[in-house]
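All chains are named by letter (A, B, ...) in the order of the sequence lines, taking the proteins before the strands, and each is independently numbered beginning at 1.
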Number of protein chains: 2
Amino acid sequence: MDKPLTATTAGTKSRLSRDLVLTAALKLLDAEGLDALTMRRLGQELGRDPMSLYRYAANRAALLDGVTELVLNELAIIGDDRDWQAQLRRIAHDLRLLALRHPNVVPLLVTRPLSTPLGLRPLGTLRPLEQILSLLIDAGFGPGDALHVYRAYYGFLYGHILNELQEFIVDPEENEALLRLGLHRLPAREFPRLRALAPVLADYDGAAELDQGLDILLSGLAARLTPRNNP
Amino acid sequence: MDKPLTATTAGTKSRLSRDLVLTAALKLLDAEGLDALTMRRLGQELGRDPMSLYRYAANRAALLDGVTELVLNELAIIGDDRDWQAQLRRIAHDLRLLALRHPNVVPLLVTRPLSTPLGLRPLGTLRPLEQILSLLIDAGFGPGDALHVYRAYYGFLYGHILNELQEFIVDPEENEALLRLGLHRLPAREFPRLRALAPVLADYDGAAELDQGLDILLSGLAARLTPRNNP
DNA sequence: AACAACTTCTCTACGCTGTAGACTTTACGC
DNA sequence: GCGTAAAGTCTACAGCGTAGAGAAGTTGTT
């Protein structure tokens, strides 16, 4: 009979921990999507009874919150650019890449806060907000303006990510744009513009599109709200 | 024993229809949230066996898609403003109000397209896209530019809506801002900015914030991409 | 070495879910 | 009135989240 083996031997029995659980959950989520992430399945993945998970997350919703927290930790806000615009730019691209790395997490990222009052959210998910506010205030913005900038910025950023993640391909084998995107299904009479745009849609460049948006937004913000030049 | 009563008597037996089903689903969703919207519960609400619903939606996911479609139909794109900027402004505010009217639908609106390739989405959800493209092209934009404008615009708009819907109140009875938002729970040392901003956060004006964002975005877009002045 | 106290993990069970497949009831054209 | 097709129902199944009680494992004290 096999006994303890309590070492950190790859996939086998060692003491669980919140981090282990969340990491496994994220892995499963990345690999097979939200529906596959059930307590039973996750337990199985960890070689444990599903019930043991409840030691590390109060329930499934809390588990999902934990995963979003874990993912947001991959995002480093601090940077030593002196320029606030440059910092926001870098963060935006970082977040975009994060989203592309964990597309199945994006619905959670976007949706979970809708059912949790600001003050009750996991701290890890509030940290980016706090840090960006800090960044802006340090750059010379008044607190109120910093909040406005944050809102416009984050709103745009989340919107962009959602947009980009929707640009989906039906049939990657196909090289005719209309078919690749499945747009041939649309009645030509009702959707002439969309169908005509198939080739343009098919070669979407997310990073470039994000940059253009940021150009507009940041220069617009700068024109309207100037940081008085030292804190 | 009570027999047919096939009339349209308020809540009682008449022939079902897709519209009846979807409308009831939306009502339930609005009233009690996504979790309450189960096939069994909806059947009960309609006084029918849950299985009968499958005549009108292939499965639960399709039902949800149907609901988002239904909601998006409340949005009228066509307007007779001559000015594309004014039109986009009006649509933005309309969509915002729509979201406030059906907050529980927003997660669906935002999330369902992430798991459905563009070409396979319910036509009703693609119609706004087509119509806005039309609007922009009619205003003189080239098709490619129209798409860019659309993306920046819709991205920002969805972002704003998500932002606004997150600004949640914990305890509406309370009148101290910190407590209303539940921010007192945050460690003061780690979240000084956020805590200090409680009063500002507490009186968020969504419409105004949206307008400011639109000012920046639309003027930025106009500066970069000018419609050559007639089609 | 032995016991106690505490943490971690497992077992069993319940009520709920979506939905497949066979069946019955209803509506409608002739 | 009858045949056919549509609409609605019934039964059943596998899977879900999780409450509650108990077993197993770990740690500290003597």
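- Rounded to whole angstrom, the span from the CZ atom of A:Arg55 across to the C1' atom of D:dA24 amounts to 12 Å.
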Would you give me the side-chain donor-acceptor pairs under 3.5 Å for residues 201-210 of chain B, sequence neighbours excluded?
unit_1	atom_1	unit_2	atom_2	d
B:Asp205	OD1	B:Ala207	N	3.2
B:Asp205	OD1	B:Ala208	N	3.2
B:Glu209	OE1	A:Arg151	NH1	3.2

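- Going from atom CG of A:Leu42 over to atom C1' of C:dC9 covers 15 Å, rounded to whole Å.
- Residues A:Tyr56 and A:Leu63 have side chains not in contact (no heavy-atom distance under 4.5 Å, counting atoms from C-beta outward).
- Rounded to an integer number of Å, the gap from B:Leu46 CG to D:dT9 P is 10 Å.
- For B:Gln166 and A:Arg121, the side-chain atoms include at least one donor-acceptor pair closer than 3.5 Å.
- Nucleotide D:dA24 holds its C1' atom 12 Å from the CZ atom of A:Arg15, rounded to whole Å.
- One finds the CG atom of B:Leu186 at 14.5 Å from the CZ atom of B:Arg193 (value rounded to the nearest 0.5 Å).
- With rounding to the nearest 0.5 angstrom, the CG atom of B:Leu75 is 12.5 Å from the CZ atom of B:Arg127.
- The interatomic distance linking B:Gln44 (CD) with D:dG8 (P) rounds to 18 Å, in whole Å.
- For the atom pair OH (B:Tyr158) and CG (B:Asn163), the distance works out to 15.0 Å, reported to the nearest 0.5 Å.
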Base-contact (B) and sugar-phosphate-only (S) positions in nucleotides 12-18 of chain C, heavy-atom cut-off under 4.0 Å, - elsewhere:
-B---BB
